[in-house]
*Asks:* 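I am attaching a structure below and will ask some questions about it afterwards.
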Amino acid sequence: MTAGGKEGGMGGGEHNFSWFSWLSDVGMEHYADIFEKNMLGEQDVVHMNHDLLKSMGIDVAKERIKVLDRQTKHLQEKTKRRNSMLKKVVKKIQEHQQVSIVRRLQRSGVDECKLLEWAKANWLLCDRSRLVEEGHLRPTAPRQGTSILTDDDRTESGQEVLRVTKDILWAVLYGTEKTNVHLNRVARELLCLTVPSYKAYAFNFFQAVTELGASGTWRDPDNISNDENASNILLQVEFGETESNLIGDVIMVCTHLINLLEVNEQVLYARCISVEQSTLFTHLYFQRS
């Protein structure tokens with residue numbers, strides 16, 4: 001056994017990687033020299049198959065299977081580490097977005113009068129052609145039902161409309177007196193929002209949300225974006241509604257605008273349903289008598 005096999009090996013300088021240790025996990029450490037002599041490194045694990053291992057001199061099929069089992073475990077561990085790192089990055093982005101939203105709301109404040117004024121003005125923008133005409137969305141933006149829209153597809157004014165829309169949506173879902181959001185909430189409702197999995201990051205600014213995996217089918221009359229058992233995420237947020245039901249209307253305006261300016265689905269399905277009882281609703285019926 002070479003010293004290299006035991007103490008770190010070759011393969012382009014990967015840190016703390018040893019074929020001897022790696023193969024020991026499945027009792028195949030006696031083949032460490034073969035991997036060293038073939039100048040393989042950790043980055044080559046993904047390319048392993050029966051033909052490659054056989055060409056290196058591992059003739060017994062059972063032993064090749066053991067090495068390939070180790071390959072599967074290695075790739076699963078690598079994916080898990082990568083996902084863990086990604087979640088940390090996403091969490092930091094979410095925290096930054098939420099802090100920025102709260103700061104803006106604390107400066108500007110939100111009440112029912114402001115919400116009603118905003119909803120009336122922005123409902124008129126809930127049309128793609130209107131957004132293009134008013135210079136918020138570039139004419140070259142991808143067609144609805146295709147890829148998610150990016151900063152390059154929006155103008156500066158479009159970026160501002162999207163930012164304010166997300167601030168408003170956060171305010172009606174999570175805002176309290178502490179964040180300078182003054183709404184008399186008298187009932188509990190549940191927002192249910194279905195988003196394609198790969199576009200769900202558009203709602204990373206949500207503070208508290210239940211995420212459920214779901215598949216869906218969409219038959220596009222224009223044959224632009226047919227989906228068959230597409231991977232979706234169902235986002236659920238419980239919120240307090242006002243007596244006028246204004247918050248539900250505002251949520252619909254926000255959802256339309258976020259879809260038109262970012263998510264870019266032909267139909268972004270959202271609905272609000274009444275919540276009869278919830279652990280988030282602390283006023284019990286028998287206490288009202």
Side-chain angles (χ1 to χ4, degrees), residues 94 97-98 100-132 134 136-137 141 144 148-151 153-155 157-176 179-183 185 187-196 199-211 232-242 244-275:
Q94 289 175 320
Q97 288 179 321
Q98 291 165 18
S100 299
I101 289 172
V102 168
R103 286 175 178 170
R104 289 192 293 266
L105 290 175
Q106 287 175 332
R107 288 196 300 267
S108 62
V110 171
D111 57 26
E112 285 200 50
C113 290
K114 285 188 176 181
L115 280 182
L116 182 58
E117 182 181 347
W118 180 89
K120 287 181 176 179
N122 285 273
W123 176 244
L124 300 174
L125 292 178
C126 292
D127 178 83
R128 183 180 170 109
S129 60
R130 185 72 175 264
L131 288 169
V132 173
E134 296 198 8
H136 302 306
L137 190 64
Q144 277 187 267
I148 196 168
L149 303 184
T150 66
D151 293 351
D153 301 309
R154 296 180 291 271
T155 62
S157 64
Q159 296 278 52
E160 180 65 10
V161 171
L162 182 61
R163 181 192 67 74
V164 172
T165 299
K166 290 186 175 183
D167 286 0
I168 292 292
L169 184 54
W170 193 97
V172 297
L173 291 177
Y174 308 110
T176 63
T179 54
N180 205 12
V181 176
H182 307 280
L183 299 170
R185 303 177 189 266
R188 303 299 300 181
E189 296 209 3
L190 185 70
L191 168 63
C192 301
L193 179 63
T194 304
V195 190
K199 294 182 176 182
Y201 67 85
F203 295 92
N204 275 345
F205 64 97
F206 278 9
Q207 176 177 293
V209 60
T210 299
E211 299 182 9
N232 296 316
I233 291 180
L234 176 62
L235 304 177
Q236 295 184 331
V237 181
E238 189 173 330
F239 65 93
E241 178 60 280
T242 61
S244 65
N245 290 318
L246 174 62
I247 291 179
D249 289 346
V250 170
I251 288 173
M252 292 303 114
V253 176
C254 290
T255 303
H256 279 299
L257 285 175
I258 292 172
N259 182 44
L260 290 169
L261 288 168
E262 186 170 16
V263 179
N264 202 35
E265 286 292 286
Q266 288 182 308
V267 176
L268 183 60
Y269 181 62
R271 65 173 179 165
C272 296
I273 57 178
S274 297
V275 176

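Note that the structure is predicted; figures quoted are calculated from it, not measured. The basis for the numbers below is simple: all heavy atoms, side chains too, and nothing from hydrogens, waters or symmetry mates.
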*Asks:* Counting distance only, does the side-chain N/O of Q144 pair as donor-acceptor with the main-chain N or O of E265 below 3.5 Å?
*Replies:*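 Yes; at least one donor-acceptor contact below 3.5 Å.
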*Asks:* T179 side chain to V102 main-chain N or O, any donor-acceptor pair under 3.5 Å?
*Replies:*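 Not at all, since once roles are kept as given, no pair shorter than 3.5 Å links the two residues.
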*Asks:* If you measure from OG1 on T255 to CG on L191, what distance do you get to the nearest 0.5 Å?
*Replies:*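 Reported to 0.5 Å precision, the distance equals 6.0 Å.
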*Asks:* Do H136 and T155 have a side chain donor and acceptor closer than 3.5 Å?
*Replies:*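 H136 vs T155: no donor-acceptor pair found between side chains.
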*Asks:* Among E262, Q159, E160, whose side-chain hydrogen bond (donor to acceptor under 3.5 Å, both in side chains) with R154 holds?
*Replies:*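 Result for side-chain hydrogen bond (donor to acceptor under 3.5 Å, both in side chains) with R154: Q159.
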*Asks:* What closest approach, in Å, do V181 and A171 show between heavy atoms, and which atom pair accounts for it?
*Replies:*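 So the minimum-distance heavy-atom pair works out to CG1-O, 3.7 Å.
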*Asks:* Please report the interatomic distance CG(D249) to SG(C254), rounded to the nearest 0.5 Å.
*Replies:*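 The CG atom of D249 sits 11.0 Å away from the SG atom of C254.
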*Asks:* Check whether any side-chain N or O of N122 sits under 3.5 Å from a backbone N or O of W118 as a donor-acceptor pair, and report yes or no.
*Replies:*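 Confirmed, N122 side chain pairs with W118 backbone.
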*Asks:* Roughly how far apart are T242 OG1 and L115 CG, rounded to 0.5 Å?
*Replies:*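 With rounding to 0.5 Å, OG1 (T242) is 8.5 Å from CG (L115).
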*Asks:* How far apart are the closest heavy atoms of C272 and M252, and which atoms are they?
*Replies:*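 Result for this residue pair: SG-CE, 3.8 Å.
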*Asks:* How long is the span from the NZ atom in K199 to the CD1 atom in I233, to the nearest 0.5 Å?
*Replies:*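 Reported to 0.5 Å precision, the distance equals 13.0 Å.
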*Asks:* Does K166 reach the main-chain N or O of A202 with its side chain, forming a donor-acceptor pair under 3.5 Å?
*Replies:*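 Yes, K166 side chain to A202 backbone: donor-acceptor pair under 3.5 Å.
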*Asks:* Provide the closest heavy-atom pair for L260 versus L125 in the form atom of the first, atom of the second, distance.
*Replies:*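 The pair with the smallest heavy-atom distance is CD1-O, 4.0 Å.
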*Asks:* Of all the heavy-atom pairs spanning V172 and R185, show the shortest one and how long it is.
*Replies:*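 Residues V172 and R185, closest heavy atoms: O-NH1, 2.7 Å.
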*Asks:* Is the side chain of D111 donor-acceptor paired with the backbone N or O of H182 at a distance under 3.5 Å, no angle test?
*Replies:*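 No, D111 side chain to H182 backbone: no donor-acceptor pair under 3.5 Å.
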*Asks:* Shortest non-hydrogen contact from N180 to S108?
*Replies:*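 So the minimum-distance heavy-atom pair works out to ND2-C, 4.2 Å.
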*Asks:* Is the backbone N or O of L246 less than 3.5 Å from a side-chain atom of E112, with the two atoms forming a donor-acceptor pair by type?
*Replies:*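 The answer is no, because no donor-acceptor pair under 3.5 Å joins these two groups.
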*Asks:* Would you say D167's side chain and I101's backbone share a donor-acceptor pair under 3.5 angstrom?
*Replies:*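 It does not hold such a pair.
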*Asks:* Would you compute the distance between atom OG1 of T165 and atom CG of L257 and round it to the nearest 0.5 angstrom?
*Replies:*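 Nearest 0.5 Å value for the OG1-CG distance: 4.5 Å.
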*Asks:* Atom CD1 in I251, atom CZ in R271: separation rounded to 0.5 Å?
*Replies:*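 It is 13.5 Å, given to the nearest 0.5 Å.
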*Asks:* If you compare all heavy atoms of G248 against all heavy atoms of E241, which two are closest, and at what distance to 0.1 Å?
*Replies:*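 Scanning both residues, the minimum pair turns out to be N-OE2, 2.8 Å.
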*Asks:* Is a donor on one side and an acceptor on the other found under 3.5 Å between the side chain of Y174 and the backbone of A208?
*Replies:*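 Checking the backbone N and O of A208 against the side chain of Y174, a donor-acceptor pair under 3.5 Å is found.
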